[in-house]
Protein chains: 2
Amino acid sequence: MVAKPGPKSGAGRRRSDETRRRIVEAAVEVLKREGFAGASAVAVAAEGRVSQGLIFYHFGMVPDLLLAALDETSSRRMEEYRAAVAGIRDLPGLLEVAARVYREDLASGHIKVLAEMIAGASTVPGLGPKIVQRIEPWVRFTEDTLRAVVSGTPLEPFLPLHEAAQGVVALYLGVELLAHLDGEQGTAEGLFDAGSRLMSLMGPLLGVAYRGGG
Amino acid sequence: MVAKPGPKSGAGRRRSDETRRRIVEAAVEVLKREGFAGASAVAVAAEGRVSQGLIFYHFGMVPDLLLAALDETSSRRMEEYRAAVAGIRDLPGLLEVAARVYREDLASGHIKVLAEMIAGASTVPGLGPKIVQRIEPWVRFTEDTLRAVVSGTPLEPFLPLHEAAQGVVALYLGVELLAHLDGEQGTAEGLFDAGSRLMSLMGPLLGVAYRGGG
DNA sequence: GTCTATACTTGGATAGAC
DNA sequence: GTCTATCCAAGTATAGAC
């Protein structure tokens, strides 16, 4: 927010905020559709039907706009995720929810935006750490969710939660990346299927660890 | 090879091949150092100390050069991987080797090249499927390796090998992507550590499944 | 705050000399 | 086969009018 220009109050402020919002929204759309490299000031301005100069007036430079776009989808998806896992207490249930939310992500394009930003980070000096900052909440969220799920099971004392969470996030990103390569989403579906089957097999092996595992 | 120009024999052919090799080598270097977006014809030509026009003479367009570069690292790394897992027959051993080879990958930059190409695929129409083609051998390799490791264990009839292999490859890519974001490689190390610990825990749980698990 | 116009830069790709 | 010179397109960023 440091460099954000604009009047501090009045009708101009409202107008400015609305424009800003439109630009961010347009940036999200373009990021999903055309990827990082396609998200130029020109393209975003066209998508949002605003003049190209406004982008630099409001955001200074394109990468900062794209970060704002990432923040926007991120916070929207985080809410969905929190709601989705709220009632979950066992691992098979979590996997089921994960598969469902993953499908929504594919549709909403949020992971695509994140993956594109990560990809683009290698081209813009200094962007990497800013992306890391924005991934950390997801690792924490995953860690909390895993903690809730394994607490009370024999697994609890042994599972390194933080590392497991990092692994899950990395896997999610990797799957998304691969899934978008040839446009088919069959790969991800297959992975979730396989995961579910493994879960129902390992539940018993772990000594009826999962409360919902029947 | 269809569009490859050049004389079919003689001294000119040798000269041409050498130039071609230099360009590919330079492309690999630039891909590792600057990423996909930084791998322009200009940058590669400078790195290889050849004229920029030669790149188009030999490869037609930049993406085709970059694919050749990917093929080059890929085949080099595949040999290393095959040698590394040749003697492995149990899961903990495999994980140990995986950690070691991953470190070499980080140093050699091969996964970085792959990750960059995947990232870049979203910007170049039609590139995606060509990358998929080049990932398939890695999934097959992983699948074969996993098969060798679980055969004879109680896990064998239940583990969906193909999906597991896809998951491993996706995880590898995701970890690489995240690791390169802020330059630290501590994350990956932590993951391998955690994996090893989990393995030594689960070996007994699975009924002394692993021959080397003591 | 927003728009139009424009300066400047980079990179893909080709032409023609050697 | 290789080099130099050049054209053209796309994109960032700024200036100045409204």
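Reminder, nothing fancy here: chain letters follow the sequence lines and each chain counts from 1. Only this structure's heavy atoms are used, side chains among them; waters, hydrogens and symmetry mates stay out. In this text the structure is predicted, and so the values were computed from the model without any measurement.
Within residues 35-51 of chain A, the residues having any heavy atom closer than 4.0 Å to DNA chain D are, in order of number, A/Ser40, A/Ala41, A/Val42. For DNA chain D, none of the residues of residues 63-73 of chain B falls under the heavy-atom distance limit of 4.0 Å.
Evaluation of the ring pair (Phe, Tyr, Trp, His ring centres under 6.0 Å) test over residues 115-143 of chain A, restricted to residues two or more places apart or in two chains, returns A/Tyr81-A/Trp138, A/His110-A/Trp138.
Whole-Å rounding puts the A/Asp17 CG to C/dT2 C1' distance at 15 Å. The separation between A/Met61 atom CE and D/dG11 atom P is 19 Å, rounded to whole Å. Protein atom OH of A/Tyr57 is 17 Å distant from nucleotide atom C1' of C/dT4, rounded to whole Å. Atom CZ in B/Arg15 sits roughly 7 Å away from atom P in D/dC3 (whole-Å rounding). Atom-to-atom, CD1 of B/Ile23 to C1' of D/dT2 comes out at 10 Å; the value is rounded to the nearest Å. The CD atom of A/Glu18 sits 10 Å away from the P atom of C/dT2 (whole-angstrom rounding). Atom CZ of B/Arg22 is separated from atom C1' of D/dT2 by 12 Å (rounded to the nearest Å).
Heavy atoms of other residues, nucleotides or ligands lying less than 6.0 angstrom from CD of B/Glu79 number 12 at most.
Listed nucleotides C/dT14, D/dT14, D/dT2 differ in distance to B/Phe56; the shortest reach to its side chain belongs to C/dT14. Comparing C/dA13, C/dC3, D/dT14 by their closest approach to the side chain of A/Leu54 singles out C/dC3. The side chain of A/Gln52 has D/dT12 as its nearest neighbour among C/dT2, C/dA13, D/dT12.
With sequence neighbours excluded, the residues forming a ring pair (Phe, Tyr, Trp, His ring centres under 6.0 Å) with A/Tyr102 are A/Tyr172, A/Phe192, listed by chain and number. With sequence neighbours left out, B/Thr73 forms a side-chain hydrogen bond (donor to acceptor under 3.5 Å, both in side chains) with no residue at all. Scanning for salt bridge (charged side-chain N to carboxylate O under 4.0 Å, His left out) contacts around B/Glu96 gives an empty result, with sequence neighbours left out. For A/Arg140, the side-chain hydrogen bond (donor to acceptor under 3.5 Å, both in side chains) test picks out no residue, with sequence neighbours left out. Partners of A/Arg134 according to the side-chain hydrogen bond (donor to acceptor under 3.5 Å, both in side chains) rule, which considers only residues two or more places apart in sequence or in another chain, are A/Asp71.
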N/O donor to acceptor pairs below 3.5 angstrom from side-chain atoms of residues 116-130 of chain A, sequence neighbours left out:
from, atom 1, to, atom 2, distance (Å)
A/Glu116, OE1, A/Phe36, N, 2.8
A/Glu116, OE1, B/Ser122, OG, 3.2
A/Glu116, OE2, A/Lys112, NZ, 3.4
A/Glu116, OE2, B/Ser122, OG, 2.8
A/Ser122, OG, A/Ala119, O, 3.4
A/Ser122, OG, B/Glu116, OE1, 3.1
A/Ser122, OG, B/Glu116, OE2, 2.9
A/Thr123, OG1, A/Gly120, O, 3.0

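A salt bridge links A/Arg100 with A/Glu104: the closest approach of a Lys/Arg side-chain nitrogen to an acidic carboxylate oxygen falls below 4.0 angstrom.
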